[in-house]
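Lettering follows sequence order; numbering is per chain, from 1.
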Amino acid sequence: MATDQQTTSDTDEFLKGLFAQNPVFVQVLGTCPTLAVTNSATNALAMGLATTFVLVMSNAAVSAIRNFVPKQVRIVSYILVISTFVTVVDYLIQAISLDLYKALGAFIALIVVNCIILGRAEAFASKNNVKRSVLDGAGMGVGFTIALFCLGSVRELVGKGSLFGLSLFGSHYQGWVIMILPAGGFFTLAAWLQFFNWRAQRRARAAAAAAPEVAR
Amino acid sequence: MNAPANKSPATRPPATLPPAPPTPVWPLYRTLVGIGVFCGLLIVAAYSFTKDPIRRNKVVARQRAVLQVIPGATQVGTFQRAADGSYTLVADDSEGDGLVFAGFDAQQQLLGVAIEARGSGYGDDLRVLYAYSFQQQAIVGLKVIETHETPGLGADVDTDPGYSANYRQLDVALGADQKALAHPVEFVKQGQKQQPWQIDGITGATITTRGIATMVSKSVAATAPSLQARVHDFRLPSK
């Protein structure tokens with residue numbers, strides 16, 4: 001049976017998902033919804049929040065039952081738990097806004113097969129206590145939401161000249177329609193990945209340059 | 001199972017780890033059934049909690065669409081077509097086939113009815129709501145309520161002012177026998193509209209605009225004669 005591990009502080013457990021281990025920009029997971037629903041900032045934010053809810057709740061539930069689930073049936077148990085919370089979030093979004101529900105379409109149901117969620121359940125929640133699992137889920141969820149918003153805001157700004165539906169460049173702005181189309185998702189994701197890799201390489205170079213001075 | 005006693009050392013299989021103890025079946029059943037029951041209860045509880053708000057949202061969205069599509073309407077009445085062709089007022093949250101939505105002004109004067117039509121577009125099925133005016137015998141408004149068309153092309157039919165103008169006064173007058181349209185609605189390519197019963201397409205969204213024209217043409221041809229014959233069925237209860 002898995003054992004609890006306590007190597008990082010609670011704050012670091014939450015913060016790691018935001019940038020250092022961001023599920024989209026660093027781990028490159030969950031790219032299906034990342035590309036599909038980020039044609040506007042509103043859709044991106046809503047999908048990010050829905051996924052965060054499912055991540056937090058499923059991590060908490062998987063962690064709570066980790067000592068009772070035999071390893072032979074652990075995957076089916078986790079999927080059952082995840083699909084339950086996805087169904088709950090599906091009902092909640094319909095109750096909050098039908099327009100938002102229609103905009104997100106089939107991708108709400110497809111949260112079930114988002115690899116970030118099953119990945120965190122298997123890799124983290126099944127080995128850690130409820131508190132740390134909730135923090136991990138919240139951090140990864142917020143990191144996923146940030147990533148989706150980064151894509152959605154750029155695509156909506158360039159593609160429609162608006163943000164959250166509010167026109168920013170006036171009626172004369174001719175949007176780049178391709179940014180709203182699926183190809184625009186690939187372009188924008190590639191640009192953000194390049195930025196994050198460049199940032200990581202710059203930090204690594206700075207650390208390498210500082211190392212000899214420390215040794216001296 | 002034990003190896004036969006007369007097997008020589010040369011043919012004996014190499015030494016392996018002792019087999020894992022068999023997994024008892026009961027904990028597997030208990031776990032899966034327990035989680036299943038918990039998940040089932042949670043889903044039913046969420047459904048019960050959100051059922052009424054979802055129904056309210058659907059009614060509000062439908063009424064908002066009807067008020068947008070029928071010019072001047074301030075009140076909506078939902079009517080269901082009966083087997084004998086008559087229309088009766090039903091609850092606003094009614095669902096099913098044969099529903100039409102009548103729009104009234106503040107004095108409860110009938111302005112027209114909104115009818116839903118569906119058909120194929122370029123990406124997937126399309127659903128539209130169009131307004132039929134009894135007085136003008138014309139389609140006086142159209143709103144796309146479900147679309148999966150390409151953004152910037154087919155998805156813009158609802159916001160393209162030129163295309164929307166097609167449905168502001170589209171002639172669907174009945175013929176002399178009052179049983180069919182005098183002129184079926186026709187689709188023509190952009191800029192070729194000559195007659196009031198023709199619909200101009202949009203270059204770059206031909207399949208979408210042709211699809212909408214076809215579904216509206218079929219729907220209005222099937223419903224306009226019966227609606228016109230039962231115009232007196234559409235009235236709200238006096239306050």
Side-chain angles (χ1 to χ4, degrees), chain A residues 1 36 39-40 43 53 57-58 61-62 64-103 105-106 112 155-156 159-160 171 174-185, chain B residues 20-65 122-127 144-156 158-159 161 204-205:
Chain A
M1 196 58 66
N39 53 9
S40 76
N43 290 359
F53 172 81
M57 299 305 288
S58 60
V62 166
I65 61 173
R66 69 190 188 283
N67 293 325
F68 308 105
V69 179
K71 67 177 190 307
Q72 291 87 347
V73 293
R74 70 186 193 289
I75 298 296
V76 71
S77 304
Y78 300 162
I79 287 289
L80 204 52
V81 168
I82 292 166
S83 54
T84 298
F85 287 116
V86 171
T87 308
V88 170
V89 95
D90 185 280
Y91 289 147
L92 286 176
I93 292 176
Q94 282 190 70
I96 293 166
S97 167
L98 272 184
D99 291 336
L100 186 61
Y101 182 76
K102 283 180 186 168
V112 175
R155 290 179 69 187
E156 188 181 345
K160 294 181 189 167
S171 57
Q174 188 72 38
W176 296 9
V177 175
I178 196 165
M179 295 301 282
I180 308 297
L181 297 174
Chain B
T23 306
V25 174
W26 167 238
L28 304 184
Y29 277 128
R30 187 184 57 196
T31 304
L32 291 176
V33 171
I35 293 175
V37 168
F38 170 76
C39 292
L41 288 173
L42 195 58
I43 288 172
V44 173
Y47 173 76
S48 305
F49 178 70
T50 56
K51 187 176 60 175
D52 290 337
I54 291 172
R55 184 183 295 165
R56 270 199 302 273
N57 281 352
K58 284 183 176 172
V59 171
V60 168
R62 192 163 71 185
Q63 296 215 339
R64 199 172 51 201
Y122 178 74
D124 202 345
D125 279 0
L126 278 163
R127 282 170 61 217
V144 179
I145 51 177
E146 188 177 326
T147 172
H148 305 278
E149 303 302 285
T150 313
L153 298 171
D156 285 358
D158 211 23
T159 52

Study note, to complete from the structure: One option among Ala61(B), Gly36(B), Cys39(B) has the most heavy-atom pairs under 4.5 Å with chain A, and it is Cys39(B)

Practice item. Against chain B, label Ile65(A) side chain, backbone, both or neither, depending on which of its atoms sit under 4.5 Å from a heavy atom there. Key: side chain

Check your understanding: Around atom CZ of Phe53(A), are there more than 12 heavy atoms of other residues, nucleotides or ligands at under 6.0 Å?
Key -> yes

Review point. Would you call Ser77(A) and Leu32(B) a side-chain contact if the rule is heavy atoms closer than 4.5 Å?
Key: yes

Check your understanding: CG/Leu80(A) to CD1/Ile35(B) distance, rounded to the nearest 0.5 angstrom?
Key -> 6.5 Å

Practice item. First locate atom OG1 of Thr84(A), then atom CZ of Phe38(B), and finally report the distance between them rounded to the nearest 0.5 Å. Key: 8.0 Å

Study note, to complete from the structure: chain A shares the most heavy-atom pairs under 4.5 Å, among Asp52(B), Asn57(B), Val60(B), with Asn57(B)

Review point. Does any non-hydrogen side-chain atom of Leu98(A) lie less than 4.5 Å from one of Lys58(B)?
Key: yes

Point to revise | Contact summary for Tyr91(A) and Thr50(B), nearest pair of heavy atoms | key: CB-OG1, 3.3 Å

Check your understanding: Heavy-atom distance under 4.5 Å to chain A: side chain of Leu41(B), backbone, both or neither?
Key -> neither

Review point. So with a 6.0 Å cut-off around CZ of Arg30(B), is the heavy-atom count from everything else above 12?
Key: yes

Revision key, fill the gap. Okay, Ser83(A) and chain B: the region with an atom under 4.5 Å from a heavy atom over there is neither

Check your understanding: With a 4.5 Å heavy-atom cut-off, do Phe85(A) and Leu42(B) have their side chains touching?
Key -> yes

Exercise for review: Would you check if Gln72(A) and Leu28(B) make a side-chain contact, meaning some heavy-atom pair closer than 4.5 Å?
Suggested key: yes

Exercise for review: Check whether Asp90(A) gets within reach of chain B through its side chain, its backbone, both or neither, counting any heavy atom under 4.5 Å.
Suggested key: neither

